[in-house]
Structures are given as structure tokens and as C-alpha cells.
J.: 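Mind having a look at this structure? Questions to follow.
Chain identifiers are assigned alphabetically (A, B, ...) following the order of the sequence lines, protein sequences preceding nucleic acid strands; residue numbering begins at 1 within each chain.
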2 protein chains.
Amino acid sequence: MGLSVGVAGATGAVGEELLRLLSERRRLPVGSLRAFASAGSAGRRLPFAGGEVLVEDLGRADFGGLDLVFFSAGAARSREFAPAAVAAGAVVVDNSSAFRMDPAVPLVIPEVNRHALAAHRGIVANPNCTTAVALMAVAPLHRAVGLRSLRVASYQAASGAGARAMAELLTETGRVLAGERAASHVFPWPLPFNAIPHIGAFLPDAYTEEERKMREESRRILEAPGLRVSATCVRVPVLRSHCVAVWAETEGPLVAREARALLEQAEGVKVLDDPERLAYPMPVSATREDRVLVGRIRDGDPPGHEVLLFAAGDQLLKGAALNAVQIAETLAVDGLL
Amino acid sequence: MGLSVGVAGATGAVGEELLRLLSERRRLPVGSLRAFASAGSAGRRLPFAGGEVLVEDLGRADFGGLDLVFFSAGAARSREFAPAAVAAGAVVVDNSSAFRMDPAVPLVIPEVNRHALAAHRGIVANPNCTTAVALMAVAPLHRAVGLRSLRVASYQAASGAGARAMAELLTETGRVLAGERAASHVFPWPLPFNAIPHIGAFLPDAYTEEERKMREESRRILEAPGLRVSATCVRVPVLRSHCVAVWAETEGPLVAREARALLEQAEGVKVLDDPERLAYPMPVSATREDRVLVGRIRDGDPPGHEVLLFAAGDQLLKGAALNAVQIAETLAVDGLL
């Protein structure tokens, strides 16, 4: 007897990865699967576990009988439909920003704050993709010596804006190579051969929503309400893995060598930090890799209470679908479903 | 009567911009121009001021009669040939890293430390491109309240590695779009749809040469030997403008509004910081623009003694050829040629 699982937003970039992970991973016993998407996609068939699954209209969904529903259809859809799924008896793992700052909803990276799952009341929130990648790299340092501040500059892939954004980057890059002018529909400006310091809406303090998420979600997940966090989030012409350059100031003393040793023992992290062999994290190496790659580990100026590092993680995996599936696996293992 | 000017490395990406600037800009009266490059390029003719100039073999160059020689042929060529140009009576403006840390050689961004030119003994060094872009954005803050630390994450264009690197980015991007595997000859890894945290050789402290230059050159140019500087330098798939995300901690109090006012009055800087109109610095907007674009000006966490900003500058212009020509213009105006 396996679980009855639903995926809302099944036709999106994250939805596709969710279906793939749910058919491949054995720690979450999926007995049956239902796929939901917008009315326009209803009736399509998606590959799943060697067969196919019919896409149902999320707007007319009846969640009865489902044990678990993954939501990855944007914050508005999550706000509208997740409560109905919970009312119907399912546990919701929500990939959107809808509930992340709700004190009643745990916001979880299993390797970092698994224990927070115990308090769930039907919904568990999956963190922002860039935050997840950055925190995988700094949580082991926080556990060991305490973090005082995080400064993060991101190099974010098109995938964070969805499948249409990835297609736009490819199409418009082709246009530039053909000597034409690139257009933009998904991004605020054309992305090919460019870098756009604008992800999410701008807030009154001149930070973007993406940068705000990095601050607020880091504080929640690390359970460090006083942590100082400032980020500059930048879209770069990369397809699906996010990178972050991080400055981590620590409460206790920490040098690069110690940080590297902590990261080498951290679950879900792969240290790639051997310059002589040209080994360091890059988006193309992180793509389709479950672990977050961490390298370029160095002492700050001055050394002693600050470490710099560079990390790369697949936005669609640890930044989204993989972490959501790991949350569900942990709920199952811990008897919380 | 104009100056007799030489350009060594005339066939490179920076050399091409130098020739264009020298034919267009009126503040440096060029009477005659000679172009030098490697033996393989000798005999070529390059466009200059509506006519052409014959490329001479740098290895056999006689610099006699030249008043001013720009070197942009790499550090090894500068070390080998710049002293001969000086001995022949020319002033050398060197775009390489060869003399930047030589205490007898001024390292100058005219808007920042013009006064240092007076001490030159025949050679003036042009700073590293990323350093020049970053310092244009923070020098006005340093002048006003003093900088305590700089943390810089860079988004560097292919042009920083020369004309062949720009061609490689275009060619290999086309290969990826055609479904083939990208190769790399100039870069350590393929650059299309990637980000490579490796610019210059690695040093024993795990920083790269590029990151070390940011520290050492910033301290020299700002005349702040105790300034704390740490950088993570990353190559991104952009053609010719560099960006930097900067955290500037200050000695005196400074909030974002004050920083913006200082930058709006700074020579050579264009503040582009109006999120409602999607106005912020980007590589495509900085390309072929003389000024360094500065935006995303925000308070650090906590506000008071730290400001964040994002800047973009054309690597081939303010990051190289333009700053070199401005140095020469300033030498001429100040009677130092």
C-alpha cells in the first residue's frame, strides 16, 4: 500500500522534476499519482513511472483520498487551493512563497531544521530556491560556531522564472547570434549576454522580494531572528542552476580550513574546492546534481570570524522539487503524514 | 603640433578601443600615431582617424620620437618593452598588471587620485578593469565618510580575457544552441550558460589573482592601506561589460539616501536607480557608455554604516582604454607629459 499523491502545477518546470523524482525515488512509496494544472493543460497526459498520468483541472479539483499534495503552481494558486487539500485530509508541501512566513507553517530544509516538521498543521513550506542553496552551504557553519551575518550575491538561472523563461533565454540567445535584437516577455529586460539585478518586485526599502526572502527565510530556517542578512539577487544567462557568493561572519572563531572540514561532513553538500584541478562549483556542474556544490572556501579580511564561499545548486532540484520530496520523505519516515 | 603617440597591442580588443578613442577625443591632441603588435600582425593596416595605420612589429620597435605610448599587450610585453619606450623619451600608460604594485609607478583613476600622477617617472599604470568599475562607485563614499571595508562579487564579461574570448563565447554559445557540447580554449571551462568563479591564477590563500588585485589596487588607489577588501570574481556569459555587487562599510555614518546624493554628483558616474522605471545598471546598458552606471543603492543590515550597490562599466572603456586615455589627457593638461 503506497501513498496517494497529488502534484499541482504538474506541467511546469518544477512539476516535471517532481514527477520524475516521485517515480524514481524509493523512500516515498507512491501508490497512486494525480496531476493537476490549469484548465488549459487539463486533458494532457504526462509521463510517470513508465506509464502516463492524465492532467486534471486544478480549478475543479476534488482532493478527496489524497494523502499528500505538492503545490508548485504559484503563490496565488497555493493560497486558493491548498486549504481545500488540507481540509480533504492531505498534507500539503507547498513550493510557493504563500505560507513561508506563516508562523503556523514550518519552513523546512530537512538537513537543516527537520525537527520543525513536527509542528505542522497540514501545510509545510518549501523555501525559496536561492535561500535553499545558500543555507545548505552555511548551516553547517551556523551549527558549529553561530552565524552573525550573511552577505549574499546571487547568480540566478532562468529556470527560477519557470519553463517559459528557460525557453525565452534559448530563443532570444539564438536571435542575438543571428544579429537580431533580443526581446523579453518573461524577464524585465532581455537576458542573453546580460545580467539583470531585479528578481521579484521592488519593496519600499529598495530591496527586491527575492532579496527580502533571503533575509526572512534564512532567519526562520536557521532559527536566528537576529541574523543580519543582506543580498543582491541577479539573474544571469544560465539555464537551471543558481550560484551564490557568500560572506559568512561568525560569532565564534572560524577559519577556512575548519569551515571546509565542517562542509565535508555535511549531508547534502559536496565540497568541490581543488583549484589545482579546476574544481569549484559552477552551474553546469550542479545541474541534475542532488547535492549543493560548495567551494572557493577562503578566509575573510581579516581572517578569524569570516569565511567566503561560492555555492551552486540545481534550482529545480534542491532549490525546489528535490527539497519538497525530501520534506515528504521525512514526514513519512517521522510518522507525520 | 600634436603628440606622437604609440599603441602597443593595437590589434587586441583594448587596442581597437584605444585607436577609436584617440581618433575621436579632442582633449588629447594626437599629431601622429604608430601601432605595434606581435610579429604575426605586423604589416596589417588598422583604421585610424579616417585613414589607416600600418602595424609594426613590437619586438623590433624603435620608440624614438614618441611622446606617449599606450601598452596593452599583456604584462610580459610591458615588462620587456615599456622601459625601452621610457628610455627613448616617451611616457608610458600601461594597461597591464606589470607595474601596478610598483611604488615608483602611480596607479591612477583620474576621477579618484589624479594628484598621484605628479610623481610619475615615465610609467603610469592603468588599474585592473573590475577594480576600476568598483572604485568609481565607492570612491565618492570614501571621500565623504571613509571606507572601512569592501566586499565585492563580480559578474565579469568575456572581453576581460580579450577578443579571442569574446569570439569563443559567441561561437560556443551557437554550438550549445545547435545541441552540441561547448568547448573551451581561452576559458578554463566552457562559458555559455555557465558561471566560472576563476579569473587569473589561484594563489596560496585560495584567492585568485583577480581577487588579489581588487584588494591591493583598491588600497593603493584609495590611499587606504588598512582597508579591508575581499572579492569573489566570477566570469559570466556576457560580452563586454563588467558588473559588481558591492557591500561598502563606512567609518562615518552613511545611509543609502546620502550615498545616492554623493554618487549623483560624482564625475564619471551615472546613477541609474529608479526601480519603478526598471532603471538599474546592466551590462548591456553599460556597453559603449563612458560612465560607470551605479544603482540598487540600499542600506546594509543594519542600516547606518553600510551601503549596498550594483555597478556596471564597459570593461573595454572605463575598465581599460578610456581610463588610459583619460590618464594621458590629464598628464597633458597638468603639464606632466
Side-chain angles (χ1 to χ4, degrees), chain A residues 149 151-155 157 169-170 173-174 176-177 182 188-190 192-198 201-202 205-208 211 215 228-232 234 236-239 243 245-247 256 273 275-276 278 280-285 295-302 306 308-310 312, chain B residues 149 151-155 157 169-170 173-174 176-177 182 188-190 192-198 201-202 205-208 211 215 228-232 234 236-239 243 245-247 256 273 275-276 278 280-285 295-302 306 308-310 312:
Chain A
S149 77
R151 294 176 178 88
V152 180
S154 75
Y155 302 70
L169 174 58
L170 290 171
T173 301
V176 173
L177 292 185
W189 293 92
F193 305 108
N194 200 13
I196 309 175
H198 174 187
F202 280 95
D205 64 359
Y207 282 83
T208 60
E211 292 159 356
R215 175 178 297 172
R228 297 170 180 188
V229 183
S230 55
T232 296
V234 181
V236 292
V238 162
L239 283 165
C243 296
V246 179
W247 284 255
D273 197 17
E276 300 233 336
L278 306 184
Y280 33 72
M282 296 187 295
V284 296
S285 337
R296 300 299 325 276
I297 303 165
R298 292 155 285 156
D299 289 311
D301 180 15
E306 185 177 43
L308 278 68
L309 56 82
F310 191 74
Chain B
S149 77
R151 294 175 178 87
V152 180
S154 75
Y155 302 72
L169 174 58
L170 290 170
T173 300
V176 173
L177 292 185
W189 292 91
F193 305 108
N194 200 14
I196 309 175
H198 174 186
F202 280 95
D205 64 0
Y207 281 83
T208 59
E211 293 159 354
R215 177 178 297 173
R228 298 169 180 188
V229 183
S230 55
T232 296
V234 181
V236 292
V238 162
L239 283 165
C243 295
V246 179
W247 284 255
D273 197 16
E276 301 234 336
L278 306 183
Y280 33 72
M282 295 188 294
V284 296
S285 339
R296 301 298 326 276
I297 303 165
R298 292 156 287 156
D299 288 310
D301 181 17
E306 184 179 43
L308 278 68
L309 56 82
F310 191 75

J.: What part of Val246(B) is in contact with chain A, defined as an atom under 4.5 angstrom from a non-hydrogen atom: side chain, backbone, both or neither?
T.: neither
J.: Return the minimal non-hydrogen interatomic distance between Ile297(B) and Ala206(A), and the atom names on each side.
T.: O-CB, 4.0 Å
J.: Would you mind telling me which of Val236(B), Val229(B), Val176(B) has the largest number of heavy-atom pairs within less than 4.5 Å of chain A?
T.: Val229(B)
J.: Please flag which part of Ala231(B) lies under 4.5 Å from any non-hydrogen atom of chain A: side chain, backbone, both or neither.
T.: backbone
J.: Provide the closest heavy-atom pair for Val234(B) versus Phe310(A) in the form atom of the first, atom of the second, distance.
T.: CG2-CE1, 3.8 Å
J.: Just verifying a value: how many Å separate Ile196(A) CD1 and Cys243(B) SG, rounded to the nearest 0.5 Å?
T.: 10.5 Å
J.: Can you tell which part of Leu177(B) gets under 4.5 Å to a heavy atom of chain A, answering side chain, backbone, both or neither?
T.: side chain
J.: If you look at every heavy atom in Gly300(A) and Tyr207(B), which pair is closest and at what distance?
T.: CA-OH, 4.1 Å
J.: Counting heavy-atom pairs under 4.5 Å to chain B, which of Pro275(A), Pro197(A), Ala195(A) comes out on top?
T.: Pro197(A)
J.: In Å and rounded to the nearest 0.5 Å, what is the OH to OG1 distance from Tyr280(B) to Thr208(A)?
T.: 10.0 Å
J.: Taking C-beta and beyond as the side chain, do Arg298(B) and Thr232(A) meet within less than 4.5 Å on heavy atoms?
T.: yes
J.: Below 4.5 Å, heavy-atom pairs only: which of Leu239(B), Asp299(B), Asp205(B), Leu308(B) has the largest tally toward chain A?
T.: Leu308(B)
J.: Side chain, backbone, both or neither: which part of Glu306(B) has a non-hydrogen atom closer than 4.5 Å to chain A?
T.: side chain
J.: Identify the heavy atoms of Ala153(A) and Ala245(B) that sit nearest to each other, and give their distance.
T.: CB-CB, 4.2 Å
J.: Between the side chains of Glu211(A) and Arg296(B), is the shortest nitrogen-to-carboxylate-oxygen separation below 4.0 Å, so that they form an ion pair?
T.: yes
J.: Find out whether Val284(A) and Trp189(B) are in side-chain contact, i.e. whether some heavy atom of one side chain is under 4.5 Å from a heavy atom of the other.
T.: no
J.: Ser154(A) and Tyr155(B): which non-hydrogen atoms are nearest, and at how many Å?
T.: O-OH, 2.7 Å
